[in-house]
Amino acid sequence: MGRKKFRNIRIDQILSYRLPAAGIMSILHRVSGASLFLMFPFIVYFFDLSLSSEQGYKEVLALLSHPMFFVIYVGIVWAFSHHFFAGIRHLICDLHFGLSKESASKWGLVVNVSAILVTIILAILSLKMLYF
C-alpha cells in the first residue's frame with residue numbers, strides 16, 4: 001500500500017503530511033541561511049569585541065554565561081553547521097553525484113544529523129569552557 005500520496009496540499013493537511021528528510025533539510029537550509037544573515041551584524045560585533053582586548057573577551061564570556069544568550073549562541077552554531085553541511089551537499093550535487101531519490105533522502109538525513117551532532121558537541125565544549 002505505502003504512503004498516502006498528496007497532489008495539492010490543503011492547509012488542513014499540512015500536519016498530516018510526512019515530509020522526507022531531504023525536504024526538511026531544504027527548508028532548514030533556508031531557515032539557517034536567513035538566520036545567519038539576520039544575525040551577522042551581532043556576530044561580527046561580538047567577534048570584534050572578543051578580539052579587541054582581554055576585557056572584551058571576558059565581556060563576551062560573561063554574556064554567554066547568561067542562559068538566553070547561550071541559547072542564541074547555540075542557535076547560531078546550529079545555523080552555521082547546518083548551512084555548512086547543506087552547502088557541501090549542494091556542491092557535491094553540482095558535480096552530479098547523489099541525485100537519485102534514494103540518495104537525496106540519505107543526504108538529507110546525514111546533513112540533519114551531522115548538524116545536530118556538531119551543535120551538541122560544541123555546546124557541551126562551550127559549557128565546559130564557561131562553567132568549569
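Side chains included, hydrogens not; waters and symmetry mates left out as well; all remaining heavy atoms used. Just so it is clear, the model here is predicted, and its values are computed rather than measured.
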Subject >> Among Phe84, Phe85, Trp78, ring pair (Phe, Tyr, Trp, His ring centres under 6.0 Å) partner for His82 >> reply: Trp78
Original post:
Quick one: do Val77 and Leu61 end up in the same hydrophobic cluster if we chain Ile, Leu, Val, Met, Phe, Trp and Tyr together by side-chain heavy atoms under 4.5 Å apart?
Top reply: yes
Subject >> Cys93 vs Leu99 side-chain heavy atoms within contact, under 4.5 Å >> reply: yes
Original post:
If you round to the nearest 0.5 Å, how far is CE of Met129 from CD1 of Ile124?
Top reply: 14.0 Å
**OP:** Measure the spacing between OG1 of Thr119 and CZ of Phe80 and express it to the nearest 0.5 Å.
**Re:** 11.0 Å
**OP:** Give the cluster check for Leu64 versus Leu127: same hydrophobic cluster or not, with ILVMFWY residues linked at side-chain heavy-atom distances below 4.5 Å.
**Re:** yes
**OP:** Check ring-ring contact (aromatic ring centres under 6.0 Å, His included) between His83 and all other residues, then give those that pass, not counting sequence neighbours.
**Re:** His29
Subject >> Residues in salt bridge (charged side-chain N to carboxylate O under 4.0 Å, His left out) contact with Asp12, at least two apart in sequence or another chain >> reply: Arg10
Subject >> Those residues that, when tested against Glu54, pass salt bridge (charged side-chain N to carboxylate O under 4.0 Å, His left out) (two or more places apart) >> reply: Lys58
**OP:** Give me the one residue out of Ile116, Ile120, Leu122 that meets side-chain contact (heavy atoms from CB on, under 4.5 Å) with Val118.
**Re:** Leu122
Subject >> Pairwise distance CD1(Ile121) to OG(Ser126) - rounded to 0.5 angstrom >> reply: 11.5 Å
Original post:
Taking only residues two or more places apart in sequence or in another chain, which ones pass side-chain contact (heavy atoms from CB on, under 4.5 Å) with Ser52?
Top reply: Leu49
**OP:** Would you please name every residue forming a side chain to side chain donor-acceptor pair (under 3.5 Å) with Ser100, sequence neighbours left out?
**Re:** Ser103
Subject >> Gap between atom CG of Leu63 and atom OG of Ser65 - 0.5 Å precision >> reply: 7.5 Å
Original post:
Would a hydrophobic clustering, with Ile, Leu, Val, Met, Phe, Trp and Tyr connected at side-chain separations under 4.5 Å, put Leu28 with Ile76?
Top reply: no
Original post:
Can you list every pair that meets ring pair (Phe, Tyr, Trp, His ring centres under 6.0 Å) and has a residue in residues 44-67, with sequence neighbours left out?
Top reply: His66-Phe69
Original post:
Looking at residues at least two apart in the chain, or sitting in another chain, which of them share a ring-ring contact (aromatic ring centres under 6.0 Å, His included) with Phe97?
Top reply: none
Subject >> Summary of ring pair (Phe, Tyr, Trp, His ring centres under 6.0 Å) pairs that have at least one residue in residues 107-132, sequence neighbours excluded >> reply: none
Please tabulate, for the side chains in residues 33-43, all donor-acceptor contacts under 3.5 angstrom to protein atoms that are two or more places apart in sequence or on a different chain.
residue : atom : partner : partner atom : Å
Ser35   : OG   : Val31   : O            : 3.1
Ser35   : OG   : Ser32   : O            : 3.0

Original post:
Tell me, which pairs form a salt bridge (charged side-chain N to carboxylate O under 4.0 Å, His left out) where one or both residues lie in residues 101-115, sequence neighbours left out?
Top reply: none
Original post:
What's the shortest heavy-atom distance between Ala21 and Asn112, and which atoms?
Top reply: O-ND2, 3.6 Å
**OP:** Check whether any side-chain heavy atom of Ile27 sits under 4.5 Å from a side-chain heavy atom of Leu19, and report yes or no.
**Re:** yes
**OP:** With sequence neighbours left out, write down each residue that passes side-chain contact (heavy atoms from CB on, under 4.5 Å) with Ala104, or none if nothing qualifies.
**Re:** Ala22, Arg89
Original post:
Quick one: side-chain contact (heavy atoms from CB on, under 4.5 Å) partners of Val110, sequence neighbours excluded?
Top reply: Ser114
**OP:** Using atom types as modelled and distance alone, determine if a side-chain donor or acceptor of Asp48 lies under 3.5 Å from a backbone N or O of Val44.
**Re:** no
